[in-house]
Amino acid sequence: MKEKWEELAEVKRELAARDWFMATSGNLSLKVSDEPLTFLVTASGKDKRKETAEDFLLVDADGQPAEATHLKPSAETLLHVEIYNKTNAGCVLHVHTVDNNIVSELYGDEGEVVFSNQEIIKAFGLWEEDAQFRIPIIPNFAHIPTLAKAFADHVHGDAGAVLIRNHGITVWGKDVLEAKKFLEACEFLCQYHVKLLLIKR
Ligand SMILES: CSC[C@@H](O)[C@@H](O)C(=O)COP(=O)(O)O
Ligand SMILES: [Zn+2]
């Protein structure tokens with residue numbers, strides 16, 4: 001458990017260094033056990049750039065605290081629950097960035113954004129020259145169970161990504177390394193896309 005805590009703290013530190021936790025946004029989790037399912041998740045409402053002994057708490061398959069604590073699990077824990085219940089993912093990362101928000105708004109009506117002709121999509125295991133990488137975009141329902149249900153419709157594999165319109169992105173992978181690689185590749189694609197559109201104006 002201490003090892004898992006350290007692992008999650010390390011990725012939180014790295015994402016904080018990228019300034020991907022503006023205004024207390026973002027939440028992260030790491031699976032601790034399978035049967036029963038438990039995972040460490042960030043405590044709600046904290047400044048995720050800060051490091052404290054109260055950064056994470058252990059929750060169960062319903063997203064409820066698995067141990068006595070005064071901490072509240074992330075408001076978006078139900079999205080993490082959907083991923084761990086439907087896949088073999090080991091880590092979930094959620095960040096709000098200006099560029100992922102802009103891309104979600106640009107393509108929100110289409111329900112997805114499609115990237116191609118970019119070397120970095122090999123990060124998603126797509127090696128063909130004409131490969132396309134699609135990120136579904138769902139509405140930002142304020143009611144979290146409704147949001148989690150819409151989100152779950154796009155949770156299929158052990159690794160993936162979903163954009164929530166004008167909110168942020170949630171990415172998952174088999175472990176921290178894979179989830180972080182996916183997240184960085186998604187952010188690369190969003191940053192590139194926004195910059196290119198600005199240059200082309
Ligand atoms: C001001 S951040 C908005 C939050 O509602 C949420 O979207 C978020 O990412 C962080 O919520 P949290 O409950 O701290 O995990
Ligand atoms: Zn969020």
Side-chain angles (χ1 to χ4, degrees), residues 4-5 7-32 38-67 69-85 89 91-108 113 135-155 160-173 176 179-180 182-184 186-187 190-191:
K4 295 282 180 190
W5 180 291
E7 216 184 328
L8 194 54
E10 170 67 17
V11 67
K12 177 170 156 292
R13 203 173 296 135
E14 288 179 28
L15 303 187
R18 294 191 183 277
D19 202 15
W20 284 353
F21 294 133
M22 292 178 89
T24 73
S25 66
N27 37 74
L28 316 176
S29 69
L30 186 64
K31 187 153 79 176
V32 171
T38 61
F39 60 95
L40 281 171
V41 67
T42 41
S44 184
K46 305 245 181 203
D47 180 349
K48 281 93 191 183
R49 287 169 294 204
K50 300 272 189 295
E51 285 188 45
T52 78
E54 299 194 327
D55 285 347
F56 313 119
L57 66 153
L58 193 71
V59 297
D60 62 20
D62 297 317
Q64 296 301 316
E67 300 169 340
T69 178
H70 64 278
L71 298 172
K72 256 184 70 181
S74 164
E76 286 152 8
T77 300
L78 271 189
L79 277 66
H80 299 239
V81 162
E82 292 293 346
I83 294 166
Y84 293 124
N85 281 325
C91 179
V92 181
L93 306 173
H94 166 74
V95 299
H96 303 196
T97 66
V98 172
D99 292 313
N100 72 34
N101 273 244
I102 291 173
V103 169
S104 76
E105 176 59 16
L106 284 173
Y107 298 98
V113 55
I135 309 180
I137 306 170
I138 61 169
N140 186 26
F141 298 109
H143 183 245
I144 299 296
T146 306
L147 181 67
K149 202 169 169 299
F151 180 82
D153 290 343
H154 301 284
V155 177
V162 174
L163 276 163
I164 308 169
R165 190 167 182 170
N166 279 325
H167 176 156
I169 194 165
T170 299
V171 172
W172 62 98
V176 168
K180 196 176 62 160
F182 266 48
L183 178 61
E184 287 176 345
C186 288
E187 289 302 317
C190 290
Q191 288 178 26

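Counting starts at 1 for both ligands and their atoms, in listed order.
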| query | Hey, does H167 sit under 4.0 Å from ligand 1 if you only count heavy atoms? | reply | yes
Please confirm whether T42 approaches ligand 1 to less than 4.0 Å, judged on its heavy atoms.
no
Closest protein heavy atom (residue, atom, distance) for [atom]:
| atom | result |
| --- | --- |
| atom 1 (C) of ligand 1 | A23 O, 3.3 Å |
| atom 15 (O) of ligand 1 | S74 OG, 2.6 Å |
| atom 13 (O) of ligand 1 | S44 OG, 2.6 Å |
| atom 3 (C) of ligand 1 | H96 CE1, 3.9 Å |
| atom 14 (O) of ligand 1 | K48 NZ, 2.5 Å |
| atom 11 (O) of ligand 1 | N27 ND2, 4.0 Å |

Compare every heavy atom of [Y] with every heavy atom of [X], then report the nearest pair and how far apart it is.
| X | Y | value |
| --- | --- | --- |
| P73 | S44 | O-CB, 3.4 Å |
| V95 | F21 | CG1-CE2, 4.1 Å |
| V11 | V176 | CB-CG1, 3.8 Å |

- Aromatic plane relationship, H80 with F39 - under 30° parallel, 30 to 60° tilted, over 60° perpendicular: parallel
Is [X] salt-bridged to [Y], cutoff N-O under 4.0 Å?
| X | Y | result |
| --- | --- | --- |
| K46 | E54 | yes |
| R18 | E184 | yes |
| D55 | K50 | no |

The side-chain contact (heavy atoms from CB on, under 4.5 Å) partner of L163 among I169, N140, I138 is I169
For ligand 1, which atoms sit closer than 4.0 Å to a heavy atom of [X]?
| X | result |
| --- | --- |
| G45 | 12 (P), 13 (O), 14 (O) |
| H94 | 9 (O) |
| T24 | 1 (C), 10 (C), 14 (O) |
| A75 | 12 (P), 13 (O), 15 (O) |

**Item:** Side-chain donor or acceptor of D62 paired with backbone N/O of Q64 under 3.5 Å
**Value:** no
Q. Counting only N and O atoms by type, is there a donor-acceptor contact under 3.5 Å from the side chain of T170 to the main-chain atoms of H94?
A. no
The angle formed at the Zn ion (ligand 2) by NE2 of H94 and OE1 of E76 is about (to 10 degrees) 80°
Heavy-atom proximity to atom 4 (C) of ligand 1, picking from E76, K46, K72, H80, points to E76
* G26-ligand 1 polar pair, N/O distance under 3.5 Å -> yes
